[in-house]
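Only a predicted model underlies this, so the values are computations on that prediction, with no experimental measurement involved. Start at 1 and go down the list; that is how both ligands and their atoms are numbered.
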Amino acid sequence: MDKARYIMIGGFLGAGKTTAVLRLARLLEGRGSQVGLITNDQSHGLVDTALLGSSGFPVEEITGGCFCCKFDSLVSASERLSRERQPDVFLAEPVGSCTDLKATVDYPLRRMYGENYWIAPLSVMVDPVRALRILELEPGKSFSPKVVYVYRKQLEEADIIVINKIDLLSPQRLERLRGALQESFSPDRVLSVSARQGKGLEEWFEQVTQPRACTRGDLAVDYDIYAEGEALLGWLNCSLRVQAGAPFDGNLLLREAMAAIQQRIRTREIAHLKMTLTPDEQGQDIGVANLTGRDARPEQSHVLQEPLSTGELIVNLRAEADPEALRTQVQEALSALGRDGGLNLEIEHLESFRPSRPTPTHRLQAAESGVAVSQSASA
Ligand SMILES: Nc1nc2c(ncn2[C@@H]2O[C@H](COP(=O)(O)OP(=O)(O)OP(=O)(O)O)[C@@H](O)[C@H]2O)c(=O)[nH]1
Ligand SMILES: [Mg+2]
């Protein structure tokens, strides 16, 4: 049997990784492939798992740390998927605040499990509006320098940088960004896609399934700055039961919850606020709302088809702010929402924290994993 392809799609919080995973999964399924998905987060209660799970694809969730710190769980999850569904393609989404993935995930997988998996070049997705600000090509809200350090390291290790959301950009802005990314980070390729519209995905998939020599040297990462940068981000995961006496409009609830939280939270910058509302009974119906910046416009990427009477609301917030403050502000927003909307919102799980210091299970150099390193990279 051919080896299963293992495709990891990295990139900062809110870049569009989950949207792309879903699109790619559908594209591959349409070509007759069996696809297995793997999500990842610092804790449980994930919007991404709820969303991908509702799509009908087999999903495994790695919680409690990033792939690099949970390497053995990642391998077990892949083995479980292999046993149960025999995927010929794995699509894995690491936590969006994580970097150094080649040394800690890609190379160890090649070295220890190279007989089972064909490891694809690392793709790193970029939200163009965020990138234009972080690279100081355009003004606007951004993060502290240590968070920017993590962001830049993600791009520095990318084999392929994938500029997403090109539907939002003029050709001039796209060209400016593409030129700056190529010049600053010298990836093998810079591709442009719209995961939402399904544009550019075929070319991307062709690129990640071609063997190529590694054109990069090993990434130098200062783990103190990385840990501090990650810990500047407050993390909040909350799951609630929603009940009402009569069927209500779940899309309106998502919009109002988004507005109530956006209005209350005090933060330097929001990385990603995302929510799902899943009715208890309506098959695969799901509503999803997102906000990817403090001054961005909330949007609804999946709309519920029918009113509902009971369901589960999940709120995931990642923002540069004190997690305790985020907790209070989100709780206030949700209580006001329940009161004003005549709904019973009962919190089942609520936690807020700063990600702890990354301590990878393995850390290898390219040469130790048998990757063919090109002359220019090893020089
Ligand atoms: N305009 C536009 N929006 C997009 C596109 N792809 C994703 N988005 C939106 O970007 C937001 C974030 O998308 P996700 O796929 O959840 O991003 P992510 O990278 O998985 O986020 P995290 O898991 O939090 O790191 C959502 O509102 C998506 O609908 C795109 O091609 N165009
Ligand atoms: Mg995601």
task: Side-chain contact test, heavy atoms from C-beta onward, threshold under 4.5 Å: evaluate it for V148 versus S142 and give yes or no.
output: yes
- prompt: Taking C-beta and beyond as the side chain, do W204 and R23 meet within less than 4.5 Å on heavy atoms?
  reply: no
query: Below 4.0 Å from any atom of ligand 1, is there a heavy atom belonging to K199?
result: no
- prompt: Are G14 and ligand 1 in contact, using a heavy-atom cut-off of under 4.0 Å?
  reply: yes
message: Strictly below 4.0 Å, N to O, side chains only: are E299 and R196 in salt-bridge contact?
response: yes
- prompt: Can R26 and E29 be counted as an ion pair, charged N to O under 4.0 angstrom?
  reply: no
field: W235 and F353 aromatic ring geometry - parallel, tilted or perpendicular at 30°/60° bounds
entry: tilted
query: Just distances here: any N/O of A195 and N/O of ligand 1 closer than 3.5 Å?
result: yes
message: Please check whether A15 reaches ligand 1 - meaning an N/O of the residue sits under 3.5 Å from an N/O of the ligand, judged on distance alone.
response: yes
Ligand 1-proximal atoms of [X], by part, heavy-atom distance under 4.0 Å:
| X | result |
| --- | --- |
| D48 | side chain |
| L168 | side chain |
| K274 | side chain |
| M125 | neither |
| S194 | both |
| N316 | neither |

Shortest protein contact, [atom] (heavy atom only):
| atom | result |
| --- | --- |
| atom 16 (O) of ligand 1 | H272 CE1, 3.3 Å |
| atom 18 (P) of ligand 1 | K17 N, 3.4 Å |
| atom 6 (N) of ligand 1 | N164 ND2, 3.1 Å |
| atom 17 (O) of ligand 1 | G16 N, 3.0 Å |
| atom 1 (N) of ligand 1 | D167 OD2, 2.8 Å |
| atom 10 (O) of ligand 1 | K165 NZ, 3.0 Å |

field: Minimum non-hydrogen distance to atom 27 (O) of ligand 1, winning option of H302, R196, E299
entry: E299
task: Please identify which atoms of ligand 1 are closer than 4.0 Å to at least one heavy atom of T19.
output: 6 (N), 7 (C), 13 (O), 14 (P), 15 (O), 28 (C)
- line: Per-atom filter on ligand 1: closer than 4.0 angstrom to a heavy atom of S301 are 29 (O)
Is the backbone N or O of [Y] less than 3.5 Å from a side-chain atom of [X], with the two atoms forming a donor-acceptor pair by type?
| X | Y | answer |
| --- | --- | --- |
| N40 | V95 | yes |
| S170 | R173 | yes |
| E368 | Q365 | yes |

message: Under a 3.5 Å threshold, yes or no: a donor from one side chain and an acceptor from the other, between D48 and T18?
response: yes
message: I need the OE2(E93)-the Mg ion (ligand 2)-OG1(T18) angle, rounded to 10 degrees.
response: 100°
message: If the test is side-chain hydrogen bond (donor to acceptor under 3.5 Å, both in side chains), which one of R357, Q42, R354 qualifies with E230?
response: Q42
- request: Would you mind telling me which of F90, Y113, W118 makes a ring-ring contact (aromatic ring centres under 6.0 Å, His included) with Y6?
  value: F90
message: If you count heavy atoms of other groups shown closer than 6.0 angstrom to CD of E206, is the number above 12?
response: yes
message: So that I can check it, does any N, O or S atom in T39 come closer than 2.8 Å to the Mg ion (ligand 2)?
response: no
query: In Å, rounded to the nearest 0.5 Å, how long is the span from CD1 of I314 to CD1 of I286?
result: 7.5 Å
message: Looking only at N, O or S atoms in D48, which is nearest to the Mg ion (ligand 2)?
response: OD2
